[in-house]
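Atoms within a ligand are numbered from 1 in the order they appear, just like the ligands themselves. Atoms considered below: every heavy atom in the structure, side chains included; atoms not considered: hydrogens, waters and symmetry mates. Index from 1, following the sequence.
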Amino acid sequence: MRGDGESASVGAMREKAILVTGANGEIGHGLIRRLATAGREKIVALDLAALDPHLSELCDDVVQGSILDRALLDRLVSRYDFATIFHLAAMLSTRAEFTPVAAHEVNVQGTLNLLQLAADQTELAGRRAKFLFPSSIAVYGLPPGEKAGSGRIHEKSWNLPTTMYGCNKAYCEHLGRYYAEHYKQLGAGRDLSGVDFRALRFPGLISAQTIPSGGTSDFLPEMVHTVARGRSFECFVREDTRIPFMAMPDAIQALLLLEQVDERELSWRVYNVTSFNPSAGEFGELVRGRWPGSEIRFVPDEKRQAIVDRWPADVNDDAARADWSWRPEYDLVGALDEYLVPGIDPARSPMPEQGR
Ligand code: NAD
Ligand code: AKB
C-alpha cells in the first residue's frame with residue numbers, strides 16, 4: 001500500500017472511471033454495452049480472459065489479469081478514480097463444486113480485494129465508492145421436500161446455502177455490509193470511510209448474445225441456444241424443475257437502477273429481483289413452439305438436480321419494487337418473442353457446451 005504523501009499526489013491526477021471486473025462474462029457483455037451507450041465515465045475492464053474485441057472497442061482501458069493480483073489492483077487505484085465498481089468476476093456454482101478451494105479464493109478473497117480497493121478509493125476521493133455486487137439465488141437452501149409449497153422466498157428466509165458458490169455469495173454479502181456500515185469501526189473519523197455496497201440476488205439469467213458455462217441455472221439458456229442452432233438438447237434437470245429466471249437486459253437494468261438510487265432509499269443492501277419461473281418442461285414447450293420439430297429430452301444429472309432442488313422456485317422482490325421501482329420489462333413470453341428469438345444469432349457464437 002502507498003504512503004499518505006504518495007496518496008495525495010496520485011489523487012490529483014487520477015482519471016475518473018467505472019471499473020468492471022469479470023468484464024468478459026455474460027453480464028459484462030450486456031453491462032459494458034449499456035454503459036458505453038449511456039456515455040458515462042471511462043470504462044476500465046478487468047478479466048482473467050482476453051476481452052471480446054467487440055467489447056474492447058467500447059472500453060477506455062482493458063486489463064487482462066486476476067482479481068487475486070493485489071499489485072495489479074494497487075496499480076489501478078493509483079491510476080483511476082473509480083466512483084463505481086461493478087464486481088462481476090466469479091467462479092459459478094457448478095464449476096465451483098469441482099474446485100471449491102479455488103472457488104473460495106476467487107469468490108471470497110477476490111471480492112475482499114475489490115472491497116478493499118473500493119475502500120481505498122473512498123479514502124482517496126473523499127466520497128464513498130459505490131460497489132455493485134451480483135449475488136445469487138444460490139444463497140438460499142431449502143430443505144428437501146420444502147420447495148414446492150414454499151412460495152416466494154423473502155430475502156431473510158432460508159439463507160442456508162448448500163454449495164461453495166452459495167456460501168461464498170452469502171459471506172460476501174456480509175463482507176459488503178461490514179464495509180458499508182462497520183468498516184474500521186474502532187478507528188477515528190469514520191464519516192467518509194468504507195464502501196457504498198449494494199447487491200442483487202439474481203436468478204438464472206438468459207442472454208441472447210452469450211452462452212453460459214459453469215453455472216447450474218444454465219439448463220434454460222443452454223436449451224434455447226442449442227435448439228436455435230437446430231440441434232437436439234438433453235436437459236440435465238427434470239421437467240418439473242422450477243427456479244426463477246430473468247432476461248439479461250432486465251438484469252443490467254436492475255444493476256443500473258440499484259446503482260442510481262439514493263442510499264437513503266435502501267431498506268437494506270441485498271435485494272431479490274426476478275421476472276419469471278417456468279418449469280424446465282414448460283419452457284421446453286414454449287421453445288418447441290418457436291422452433292417446431294426441435295428435440296428436447298430430459299436426462300437429469302442427479303447431482304446437479306440436487307443443487308437446483310435446494311434453490312427456491314420463486315423469490316419475493318417486493319422490496320426492490322418498493323425501494324427503487326424495480327420492474328422487469330420482459331415476462332416469459334416477451335423474453336422469448338421480443339428478445340431471445342430475434343436476438344439469438346447462431347452464426348455469431350459457438351454451440352453451448354452441454355453438461356459443464
Ligand atoms: P461469467 O462466468 O460469464 O463471467 C465471469 C467472468 O469472471 C469471466 O469472464 C471470467 O473470466 C472472469 N473471472 C473469473 N475469475 C477471475 C479472476 N480471478 N480475475 C478476473 N476475472 C475473473 O459470469 P456472469 O454470468 O457474467 O456472472 C457475473 C456475476 O454475476 C458473477 O458474480 C455471478 O456469480 C453473478 N450471477 C450470475 C448469474 C447468471 O445466471 N449469469 C446469476 C446470479 C449471479
Ligand atoms: C449459477 O448457476 O451458478 C448462476 C447463478 C444462478 O448464480 N447462474
Side-chain angles (χ1 to χ4, degrees), residues 19-32 44-52 55 62-70 72-73 76 85-99 102-114 131-140 161-170 172-173 176 199-207 209-222 236-237 241 243-248 250-252 254-255 270 272-275 277 304 307-308 310-312 315 349 352 356:
L19 176 60
V20 181
T21 75
N24 199 51
E26 289 210 278
I27 298 184
H29 273 76
L31 179 65
I32 285 173
V44 176
L46 169 63
D47 203 295
L48 203 52
L51 197 65
D52 177 341
L55 293 183
V62 175
V63 182
Q64 187 172 356
S66 175
I67 54 169
L68 297 174
D69 180 347
R70 287 193 218 173
L72 183 154
L73 298 181
L76 289 179
I85 295 160
F86 292 94
H87 172 45
L88 311 179
M91 192 185 291
L92 274 65
S93 56
T94 293
R95 200 160 289 157
E97 267 337 280
F98 287 107
T99 55
H104 188 278
E105 273 287 292
V106 173
N107 296 346
V108 175
Q109 186 59 51
T111 299
L112 182 64
N113 290 349
L114 266 296
F131 193 98
L132 276 293
F133 179 68
S135 186
S136 166
I137 53 166
V139 301
Y140 298 111
T162 63
T163 57
M164 176 52 96
Y165 171 77
C167 294
N168 296 161
K169 290 291 187 188
C172 288
E173 292 177 0
L200 290 167
R201 285 184 185 162
F202 276 133
L205 304 179
I206 314 182
S207 171
Q209 271 78 43
T210 54
I211 300 168
S213 73
T216 315
S217 65
D218 294 1
F219 57 93
L220 282 203
E222 277 181 5
F236 64 77
V237 296
T241 303
I243 59 168
F245 281 94
M246 182 183 287
M248 189 57 83
D250 278 327
I252 306 303
L255 274 172
V270 179
N272 282 339
V273 280
T274 189
S275 301
N277 67 334
R304 290 179 98 186
I307 291 177
V308 284
R310 298 300 195 98
W311 290 356
V315 291
S349 47
R356 283 197 293 177

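Checked against a 3.5 angstrom limit, the closest N/O atoms of Gly25 and ligand 1 fall inside it. Every N/O-N/O distance between Ser213 and ligand 1 stays at or above 3.5 Å.
Counting only N and O atoms by type, the side chains of Thr274 and Arg201 include no donor and acceptor under 3.5 Å apart. In this model, no donor atom of one side chain and acceptor atom of the other lie less than 3.5 Å apart for Glu26 and Ser207.
Contact analysis leaves Ala138 out of contact with ligand 1, as no non-hydrogen atom separation drops below 4.0 angstrom. Ser93 does not count as a contact of ligand 1, since none of its heavy atoms falls under 4.0 Å from the ligand. Ligand 1 lies nowhere less than 4.0 angstrom from a heavy atom belonging to Thr21. Using a non-hydrogen distance threshold of 4.0 Å, Ala23 does not register as a contact of ligand 1.
The protein non-hydrogen atom at the shortest distance from atom 8 (C) of ligand 1 is Asp47 OD2, 3.6 Å. Among all non-hydrogen protein atoms, the one lying nearest atom 29 (C) of ligand 1 is Leu88 O, 3.1 Å. Taking atom 15 (N) of ligand 1 as the reference point, the nearest protein heavy-atom neighbour is Val106 CG1, 3.7 Å. Scanning the protein for heavy atoms near atom 19 (N) of ligand 1, the closest one is Ile67 N, 3.0 Å. Among protein heavy atoms, atom 5 (C) of ligand 1 sits closest to Ala90 O, 3.9 Å. The shortest contact between atom 21 (N) of ligand 1 and any protein heavy atom is with Leu48 N, 3.2 Å. In this structure, atom 34 (O) of ligand 1 lies nearest to the protein heavy atom Tyr165 OH, 2.5 Å. Closest protein heavy atom to atom 32 (O) of ligand 1: Lys169 NZ, 2.8 Å.
Under a 3.5 Å cut-off, the side chain of Asp250 and the backbone N or O of Ala247 do not form any donor-acceptor pair.
Contact between Asp47 and Ala49 at its shortest, heavy atoms only, is OD1-N, 2.8 Å. Across every non-hydrogen atom of Ala90 and Asn107, the tightest pair is CA-OD1, 3.4 Å.
Across Leu205, Val63, Ile211, Leu220, heavy-atom proximity to atom 41 (N) of ligand 1 is greatest for Leu205. The closest heavy-atom contact to atom 43 (C) of ligand 1, among the options Phe133, Phe86, Phe202, comes from Phe202. Checking Pro134, Gly204, Ser217, Pro203 against atom 42 (C) of ligand 1, the nearest heavy atom belongs to Pro203.
Within the 4.5 Å cutoff, the side chain of Glu97 has heavy atoms near those of the Met164 side chain. Two residues are said to be in side-chain contact when any heavy atoms from C-beta on lie closer than 4.5 Å; Leu114 and Leu19 meet this criterion.
Below 30°, between 30° and 60°, or above 60°: for Phe236 and Phe219 the angle between ring planes is above 60°, a perpendicular geometry.
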So what's ligand 2 close to, N/O to N/O, under 3.5 Å?
unit_1: ligand 2; atom_1: 2 (O); unit_2: Ser93; atom_2: OG; d: 3.2
unit_1: ligand 2; atom_1: 2 (O); unit_2: Thr216; atom_2: N; d: 2.6
unit_1: ligand 2; atom_1: 2 (O); unit_2: Ser217; atom_2: N; d: 2.9
unit_1: ligand 2; atom_1: 2 (O); unit_2: Ser217; atom_2: OG; d: 3.4
unit_1: ligand 2; atom_1: 3 (O); unit_2: Ser93; atom_2: N; d: 3.0
unit_1: ligand 2; atom_1: 3 (O); unit_2: Ser93; atom_2: OG; d: 2.5
unit_1: ligand 2; atom_1: 7 (O); unit_2: Ser136; atom_2: OG; d: 2.6
unit_1: ligand 2; atom_1: 7 (O); unit_2: Tyr165; atom_2: OH; d: 2.7
unit_1: ligand 2; atom_1: 8 (N); unit_2: Ser217; atom_2: OG; d: 2.8

